[in-house]
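Take a look at the structure set out below.
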Amino acid sequence: MRGLKFIEKFKSTQVHALNQQDASSGGCNGCANGSKLSNHKRTKFTVSKSNKSKSGSVAQALLPYGLPSTDLLEPSIDPHLKPIQCVKALADLYRRFETCLESDKSMLFIEQYAYLCGLGDAKLFRRCLRSARQYAGDLHLKVVLSAWLRFDRREDDLLGSSSMDCSGFILECPKAALISGCDPNSTYDHCKCSEENAKSNLGPIVEKFVCLSLEEDDGVTFCVGDKEIIFVRNKIASLSSPFKAMLYGGFVESKRKRIDFSHDGVSVEGLRAVEVYTRTSRVDLFCPGIVLELLSFANRFCCEEMKSACDAHLASLVGDIEDALILLIMVLLRELPSSLYNPKVMKIFCSSEATERLANVGHASFLLYYFLSQVAMEKDRVSNTTVMLLERLGECSTERWQRMLALHQLGCVMFEREEYEDACHYFEAAADAGHIYSLAGLARAKYKLGQQYSAYKLMNSIISEHKPTGWMYQERSLYNLGREKIVDLNYATELDPTLSFPYKYRAVAKMEEGQIRAAISEIDRIIVFKLSVDCLELRAWLFIAAEDYESALRDTLALLALESNYMMFHGRVSGDHLVKLLNHHVRSWSPADCWIKLYDRWSSVDDIGSLAVIHQMLINDPGKSFLRFRQSLLLLRLNCQKAAMCCLRLARNHSSSEHERLVYEGWILYDTGHREEALSRAEKSISIERTFEAFFLKAYILADTNLDPESSTYVIQLLEEALRCPSDGLRKGQALNNLGSIYVECGKLDRAENCYINALDIKHTRAHQGLARVYYLKNERKAAYEEMTKLLEKAQYSASAFEKRSEYSDREMAKNDLNMATQLDPLRTYPYRYRAAVLMDDQKEVEAVEELSKAIAFKPDLQMLHLRAAFYESMGDLTSAIRDSQAALCLDPNHMETLDLYNKARDQASHQQK
C-alpha cells in the first residue's frame, strides 16, 4: 500500500468553458448553441487549465461541456460471463458435449452461447443458437429458440415482414417449432411452409370477394413496399377507434388516398387478409399462419372484434390449454422487441402470479427469461422491465452458470441504475457462485459507496490469487493514483491490448497536460484495429480542441454510420446536431466533391474516411439504397457486423426496384449462413435485369467454396459479365480484384496480372496485394516485396499490408514486418503463429508456447489453440494438448486437423496410462 493516496473524486463537477470571454464574441451559431446546451446537467466533463488559452471561441461553442476529465473516466462492466480461465472453460464444455445425452445438448449450447458472448463474434453466437435449436426436442425450447433466431436476424427491421413469416427453414419455422420430437439431421432442411402457402394462396379468396378498383371514391390504398392493397375506407375505419381516428379524424391520412404501411410489421399477405376480413368478418378462410398474423395485427391496432374472431378460430384448432399457451408464447416472442413495451404482455412474463402459472405448465424456463432479459437489456438496460425479467431469470436458474449469469447481470443493471447497495449484493452473490469477475463489479460498487480502500484491497487480492489478466489491472487502476495508475494501465494494455479504457485514459491525461496531438495519437492506437463509437467520439472531441474541424466532422459522421441515433457528450447532444455545427466551419461538399473525396479515401485505404463521406452523401440523399449497401461493405471490412447488417436491411428497405431488393436480400441471407437462398435471390435478380451487383453477388457466393476448374470458369464468366454492366470504378475495381484472385487459383498468372493492373488504373489500391502474389508465384520475389511496399506507402497503418509483405522478405525483415503488424493490430493471429513457429524451429519450446499464450489470453482463436495443442503434443505434454484441442473444437467442432490431433493425443495418453 506504499504511496497510495485517495482524493475526493467528485469535487470538480462544475464545468468551465474553454475560454469564457470568447464565448460572447463567437459566431451566432456557436453562441446560440452554447447557451442552449448550458442548461443541461454538468457532471461528466471538465477542462484542464492548459487548454483554456489554446482553444478559441469556435472550439468552445462546439464543446459546450468541455472535454472529459481523467477523474471521471471509467470503463463499463462487462455484463457477460467472463471466466478466469477461458480455455479451461471451453475445454470443459466440449468434454460435456462428448458425454451428455442428446436431449441435454440444446441447453449446453446455450451455456456455450453465454460464455462466448464476451468474445464479440456474432457468427459464433448465431451458430450456438442454431445448434441449440437443432437439438431441441421440447416444444417450449423449440418455440423460444426459433423466436430468438428470428430476433437475432432482426427480421422485424425488414419492411413488409410479419412476425409469423417463415424463413423457409425448419430451424426458424414457427410451425415446425410446434411439432414434438427432435431430428438433428433435418433441422437445416427446408420446411413445408412455401408449399402450404402456395396451396392456401389468397388469390382464390380475393377473386371470390372481389376487391375494389382504384377508381372507387371511398377507396384508400395501403402500401407495403411496392405492393398495394385497396380498402373500403369506412370498412377499415370500423375495425377500431385508432383506424377511425386516422381515416376520419384530424390526421393527414384522412385526406390521403395512399397510406404507407411498410413500417407496421404486417406482410402483404397479412394485409390482404385484413382487407378480406373488413368485408366478410371471417377468418376461417385463411391458413393458421395468416390467422396468427391477423391476431398480431388486431392486438397492435386494438381491433377487438377481429381479435375475438382470431382467438375463437385458433382455439378451435388447439386441443387443450397447454397448446393455446404455447401458441400465445410463440406469438408474443416473435413480436419482440415491440411486445416488450406492451404492459399486458409484460404482466404475463413478469408478475409473480403469471410466472407461477407458466411454471405450473412447464413454460417458465431459464431459456425463456434469458431471451427476454437479453432483449430488454439491449433496448433499455436500466428499465424496471429489465430488472423484473432478470429477477425471474434468477428464479428459474437451476445450474451454477445460470445463477452466476443472472446475479452478475442484475449487479450490472443495479450499478447502472446507481443502486449501489443492491449492486454489491448481487455481485457478491455471483462471486460466491463462482464468477470471479463479479468481484470487479463488487469493488466498483464499494468504491461508489465511498469504500475506496476496500475496493483497492479486493482487486489486489484477485491479482495475487489468480493468473493476471488485463481487466484485473484495468480495474485496480481505478483505485490507484499518479504513476501507479499509469503503470497498471500500461500493464493492462500489455496483457490485453483490446481493452479500450487504458487508451482513452492515457489520451485524456495527455490532453490535460496540453499534448493534444499526443492524445490523438494515443486514441489512434486502438481505433486502427478496433472501431467503437466511444473512441471515435473522444477523438472527435480532441480534434475540436485542436481546431481540426474537418477531422472532427469525419469522425462524427463515421460514428453516426455505426450508430445513427448516437447522443454525444454523455447523452446531451445528438450526433446529427454536432454535424450541423461542424458544417459551419468546414467547406461544404457538393455531390461531385463527395464522389471525389470517396475515390480519394478509398484509394488511400482510409475506411473510416470513406465511411464518413458515404454518410455525408446519405444525409444529402437518404433514399439512395446503393449508398447504404456501400456503407455495409465498409462496416464489414471494419469488423462492425451488427452495424453492417443494419445498413444492409436499410438498403433493402429503400430499394427502388425488385431486382435491387433481391440483391440486398441475397447479401443478408449469405451473411446469415443461407447460401442456397442467397444464390436463388441473385439468379432471380438477374432474370429480371442483368446488373453488376446481381452478377457480382452470384460470383461471390459461388467462389466461396473449393472451386473445381469447371466452377472456376463459370465464376470467371460471371465476373466478366458483371464488368460489362454499368457501375462505378470503386465496384469495378473490386470485381477486377476478385477476378484476378480466381485467375491465380487457376494458375493463369498473366491474366491475373492484367486484372490487377487494370484495377490499379482505377485506384483500387488493394490490388497491389494481388499483384505481389502474382510476382511471387512467378519467382519474382523482389518485385513482390516492392509491390507490397507501394501498398504500404499509400495505406499507412495497414497491419494486413505489413503482414502480407512479410511473406516476400527474408526472415529478419519478415520478423520486423510482423512485429509492426502486431503493434498496429494485435488481433491479427498470423504474426503470433509465425513467431511461435520460428521459436519452435529454434528448439525454444517454452518461448514458442508463451508467444501463443500471450494472444490466446485475450483472443482464444481456433488456429492459435490448434497450434499450441500441436506444440504441447510434440513436447509430450498430452494433458495440455488435449485441453487446447477441446477448447478449439468447442469453437469449431468440425475442424478436421484439430480432430485428428485430439484423437492422436488421447490415444497416446491412453497408451501411457496402460
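Between the side chains of Y135 and E102, no donor-acceptor pair is found at a separation under 3.5 Å. Side chains of S800 and R828: a donor-acceptor N/O pair is absent below 3.5 angstrom, by distance only.
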Distance-only criterion, 3.5 Å: show the donor-acceptor pairs between side-chain atoms of residues 691-703 and protein atoms not counting sequence neighbours.
unit_1, atom_1, unit_2, atom_2, d
T691, OG1, A694, N, 3.3
E693, OE1, R731, NH2, 2.9
E693, OE2, R731, NE, 2.9
K698, NZ, Y714, OH, 2.7

Run the side-chain donor-acceptor check on residues 737-747: report pairs under 3.5 Å with partners two or more places apart or on a different chain.
unit_1, atom_1, unit_2, atom_2, d
N738, OD1, Q734, NE2, 2.8
S741, OG, N737, O, 3.2
S741, OG, Y756, OH, 3.4
Y743, OH, E720, OE2, 3.1

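Panel note: side chain T789, backbone Y785; a donor-acceptor pair is recorded below 3.5 Å. Counting only distance, with no hydrogens or angles, the side chain of Q112 and the backbone of C890 share a donor-acceptor pair below 3.5 Å. Remark: the backbone N or O of A814 is not paired with any side-chain donor or acceptor of S806 at under 3.5 angstrom. In this structure, R628 contributes its side chain and R649 its backbone to no donor-acceptor pair below 3.5 Å.
The aromatic rings of F629 and Y664 sit tilted relative to each other, their planes meeting at an angle between 30° and 60°. Ring pair Y808/Y776 is tilted by interplanar angle, where 30° to 60° counts as tilted.
Considering every non-hydrogen atom in both A799 and L824, the closest pair reads CB-CB, 3.9 Å. The minimum heavy-atom distance linking Y94 with Q886 is given by the pair CB-O, 3.4 Å. The two residues I614 and L627 have their closest heavy-atom pair at CG2-O, 3.5 Å. Listed here is the closest heavy atom pair of S657 and H659: OG-NE2, 3.1 Å. Nearest heavy-atom pair, H895 versus T898, reported as atom, atom and distance to 0.1 Å: ND1-OG1, 2.6 Å. Here the shortest heavy-atom pairing between L730 and H764 reads O-ND1, 4.3 Å.
Salt bridge annotation for R630-D728: present, with a cationic side-chain nitrogen under 4.0 angstrom from a carboxylate oxygen. One finds a salt bridge joining D750 and K778 here, because a Lys/Arg side-chain nitrogen approaches an Asp/Glu carboxylate oxygen to under 4.0 Å. Remark: E793 does not engage K790 in a salt bridge, criterion side-chain N to carboxylate O under 4.0 Å.
For the pair R835 and Y832, the cation-pi test (distance below 6.0 Å, angle within 45°) is passed.
In this structure, the ring of F97 has its center less than 6.0 angstrom from the ring center of F109.
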